[in-house]
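Note that this is a predicted model, so its numbers are computed, not measured. Residue numbering restarts at 1 for every chain, and letters A, B, ... go by the order of the sequence lines.
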There are 2 protein chains.
Amino acid sequence: MSNSTMGRCGEDALKLVADYWVLRIVEELNRAGEPLRFCNLQRLLDGVSPVTLTARLRALDDRALVARTEGSAGKASVSYELTDRGRAVLPVIQAISDFATSSP
Amino acid sequence: MSNSTMGRCGEDALKLVADYWVLRIVEELNRAGEPLRFCNLQRLLDGVSPVTLTARLRALDDRALVARTEGSAGKASVSYELTDRGRAVLPVIQAISDFATSSP
DNA sequence: GCATTCGCTACAAAACTTGTAGTGCTACCC
DNA sequence: GGGTAGCACTACAAGTTTTGTAGCGAATGC
């Protein structure tokens, strides 16, 4: 680890996870408990712009936090679901939730 | 973790905390263990632009996560330090750190 | 066939960040 | 007391990101 001190939690992880949409996506995918489609996610996330959603999903897929699977039908049925590694960020969301309810 | 009771973790908290600079600031303030000055923070945070740093510190101060105190000398000595409420976000940073070291 | 839905991409406008300068103030040195 | 330096910002232009709206090709429904 090139950083001088271990005190900082991984830069990469921080840059990935310290993002509103990334956390919302993980939250909704977890809540659903089943694969969701692009437009499902879009609706659940108060209509994020498709550009942003695409970018975030790609980032999450690249790092294997979500799995993208194309149905047999081809382009018209793609779904996203959390991987084990994706579920590893749930504690972060839980921590934020705890913080939120701690002293409003 | 129950998904239905969690609902979405507080929107406000999420919007505040799901931010790279906010988390870095809290991290450094905690690490220092003592009040830091604006320029100290700026140096510790790889030279964030003063505009961004000012904005984040103001947001954190508004929500009482950090306390801003002007020294007796007036404008030339302002310092920032974590409040108890500010320390309440440390678990979030810890969770991210855990995630980062979990499966690289 | 025709319309609608899906999973995006294209494009311009708005919002945010960055980098560089500069302001007003205080502290220090000679 | 003058000169220099540091602090805590603010001002501004330039670059990047996000949003909003439109649209496209493929598939699904009637």
Nearest-Å distance, CG (B/Leu44) to P (D/dC7)? 13 Å
Looking at every non-hydrogen atom in both residues, tell me the closest pair between A/Leu57 and A/Val66 and how far apart they are. O-CG2, 4.2 Å
From CD1 of B/Ile25 across to C1' of C/dT17 the rounded distance in Å is 14 Å
Heavy atoms only: give me the nearest B/Val17-B/Val22 pair and the separation to one decimal. CA-CG1, 4.4 Å
State whether a side-chain donor-acceptor pair under 3.5 Å links A/Tyr80 with A/Glu28. no
Could you give the CZ-to-P distance, from A/Phe38 to D/dA27, as a whole number of Å? 18 Å
Separation of A/Leu45 atom CG from D/dT19 atom C1', in whole Å? 15 Å
Compare side-chain N and O positions of B/Arg58 against OP1 and OP2 of D/dT10 and report whether any pair is under 4.0 Å apart. yes
A/Glu81 bridged to A/Arg87 by N-O distance under 4.0 Å: no
Given atom CD of B/Glu70 and atom P of C/dT26, what is their separation to the nearest angstrom? 11 Å
Report the residues that fulfil side chain to side chain donor-acceptor pair (under 3.5 Å) with B/Asp19, sequence neighbours left out, ordered by chain and then residue number. B/Arg56
Thinking salt bridges, do A/Asp12 and A/Arg63 make one under a 4.0 Å N-O criterion? no
Sidechain N-carboxylate O distance under 4.0 Å for A/Arg58, A/Asp61: no
In whole angstrom, what separates A/Arg37's CZ from C/dC8's P? 11 Å
From CG of B/Leu57 over to C1' of D/dA8, roughly how many Å is that when rounded to an integer? 11 Å
With a non-hydrogen cut-off below 4.0 angstrom, is A/Tyr20 in contact with a base, only sugar-phosphate, or nothing? nothing
Identify whether the distance between the nearest side-chain nitrogen and carboxylate oxygen of B/Glu27 and B/Arg31 falls below 4.0 Å. no
According to a strict under-4.0 Å criterion, is A/Arg68 in side-chain N/O contact with OP1 or OP2 of C/dC8? yes
Every protein N/O within reach of nucleotides 14-17 of chain D N/O, cut-off under 3.5 Å:
none

Check nucleotides 18-21 of chain C for protein N or O atoms closer than 3.5 Å to its own N or O atoms and list the pairs.
residue	atom	partner	partner atom	Å
C/dT18	OP2	B/Thr52	OG1	2.9

Whole Å only: how far is the CG atom of A/Leu53 from the C1' atom of D/dT19? 13 Å
In terms of heavy-atom contacts, A/Ala64 and A/Arg85 come closest through O-CB, 3.6 Å
